[in-house]
Amino acid sequence: QVQLVESGGGLAQPGESLQLSCTASGITLSNLAIRWVRQVPGQEREGFGCIDGGGIGQAYYVTSVKDRFTISRDDAKNTVYLQMNNLKSEDTGVYYCAGESLVRRCSDLGKTYTYWGQGTQVTVSS
């Protein structure tokens, strides 16, 4: 059974940091491009960052998180990480990792995914 599991969410104050993990079972995550997606209440789901698979490891970000968020991967642990620094209240939401079967490059990743995690809640509030 293929499963992606996000962890590391929680409550943070503005300016603080959190690190999320996306750990896979049943698939080899290193072969896949993995996108981080967040769902803010009342807004459309947003894919804000992505990291290439297949040993490429290039990461891409939307403007709103660039220079604050960093995506990395540890293929030995079959895990992708999201380091979030200088958190803002507008970062509050449920965070998911997602991938599509056989897709290695973020540029080839659409908005439908074969693999989704269950999500982890991030709340940024003072």
Novice: Mind checking salt bridge (Lys or Arg N to Asp or Glu O under 4.0 Å) for R104 and listing every partner two or more places apart, or none if nothing turns up?
Specialist: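 Salt bridge (Lys or Arg N to Asp or Glu O under 4.0 Å) check on R104 returns nothing, list empty.
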
Novice: Listing request: all ring pair (Phe, Tyr, Trp, His ring centres under 6.0 Å) pairs with a residue in residues 66-88, at least two apart in sequence or in separate chains.
Specialist: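 As it turns out, the ring pair (Phe, Tyr, Trp, His ring centres under 6.0 Å) pairs with a partner in residues 66-88, which skip direct neighbours, are F48-F69.
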
Novice: Are there over 12 heavy-atom neighbours, none belonging to R105, within less than 6.0 Å of that residue's CZ?
Specialist: no

Novice: Of all the heavy-atom pairs spanning A24 and L4, show the shortest one and how long it is.
Specialist: CB-CD2, 3.5 Å

Novice: Answer yes or no: is there a donor N or O on one side and an acceptor on the other, between the side chain of N78 and the main chain of I27, under 3.5 Å?
Specialist: yes

Novice: Could you tell me whether the side chain of Y115 reaches within less than 4.5 Å of the side chain of L32, counting heavy atoms only?
Specialist: yes

Novice: Hey, can you pull the donor-acceptor pairs under 3.5 Å for the side chains in residues 118-126, sequence neighbours left out?
Specialist:
from, atom 1, to, atom 2, distance (Å)
Q118, NE2, E6, O, 3.0
T120, OG1, G9, N, 3.2
Q121, NE2, G93, O, 3.4
Q121, NE2, T123, OG1, 3.3

Novice: Supply the atom-to-atom distance L82 CG to S72 OG, rounded to the nearest 0.5 angstrom.
Specialist: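 The distance works out to 8.5 Å.
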
Novice: With sequence neighbours excluded, what pairs up with Y113 under the ring-ring contact (aromatic ring centres under 6.0 Å, His included) test?
Specialist: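 W116.
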
Novice: Go through the steps to decide whether S64 and E90 satisfy the test side-chain contact (heavy atoms from CB on, under 4.5 Å), and finish with yes or no.
Specialist: CA-CA 10 Å; S64 62; E90 53 263 42; over 6 Å; no

Novice: Can you check whether G110's main-chain N or O pairs, donor with acceptor, with R35's side chain at less than 3.5 Å?
Specialist: yes

Novice: Do M84 and L20 make a side-chain contact, defined as non-hydrogen atoms from C-beta onward lying under 4.5 Å apart?
Specialist: yes

Novice: If you measure from CG on L87 to CD on E16, what distance do you get to the nearest 0.5 Å?
Specialist: 8.0 Å

Novice: So how far is it from Q39 CD to R45 CZ, rounded to the nearest 0.5 Å?
Specialist: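 Interatomic distance, Q39 CD to R45 CZ, rounded to 0.5 Å: 5.0 Å.
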
Novice: Quick one: does R38's side chain get under 4.5 Å of D91's, heavy atoms only?
Specialist: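 Side-chain contact under 4.5 Å: yes.
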
Novice: CZ of R68 to CG of N85: how many Å apart, nearest 0.5 Å?
Specialist: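 R68 atom CZ to N85 atom CG measures 9.0 Å (nearest 0.5 Å).
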
Novice: So if you build clusters from Ile, Leu, Val, Met, Phe, Trp, Tyr with side-chain heavy-atom gaps below 4.5 Å, do L29 and V2 land together?
Specialist: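 Both belong to a single hydrophobic cluster.
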
Novice: Do W36 and L109 sit in the same hydrophobic cluster, where Ile, Leu, Val, Met, Phe, Trp and Tyr count as joined when their side-chain heavy atoms come under 4.5 Å apart?
Specialist: no

Novice: Enumerate, atom names and distances included, each donor-acceptor pair closer than 3.5 Å involving a side-chain atom of residues 49-62, sequence neighbours excluded.
Specialist:
from, atom 1, to, atom 2, distance (Å)
D52, OD1, C106, N, 2.6
D52, OD2, Y60, OH, 3.1
Y61, OH, I71, N, 2.7

Novice: Going by the rule salt bridge (Lys or Arg N to Asp or Glu O under 4.0 Å), which residues pair with D75 if we only count those two or more places apart in sequence or in a different chain?
Specialist: R73

Novice: Do you know the tightest heavy-atom contact between Y96 and G117?
Specialist: CD2-O, 3.6 Å

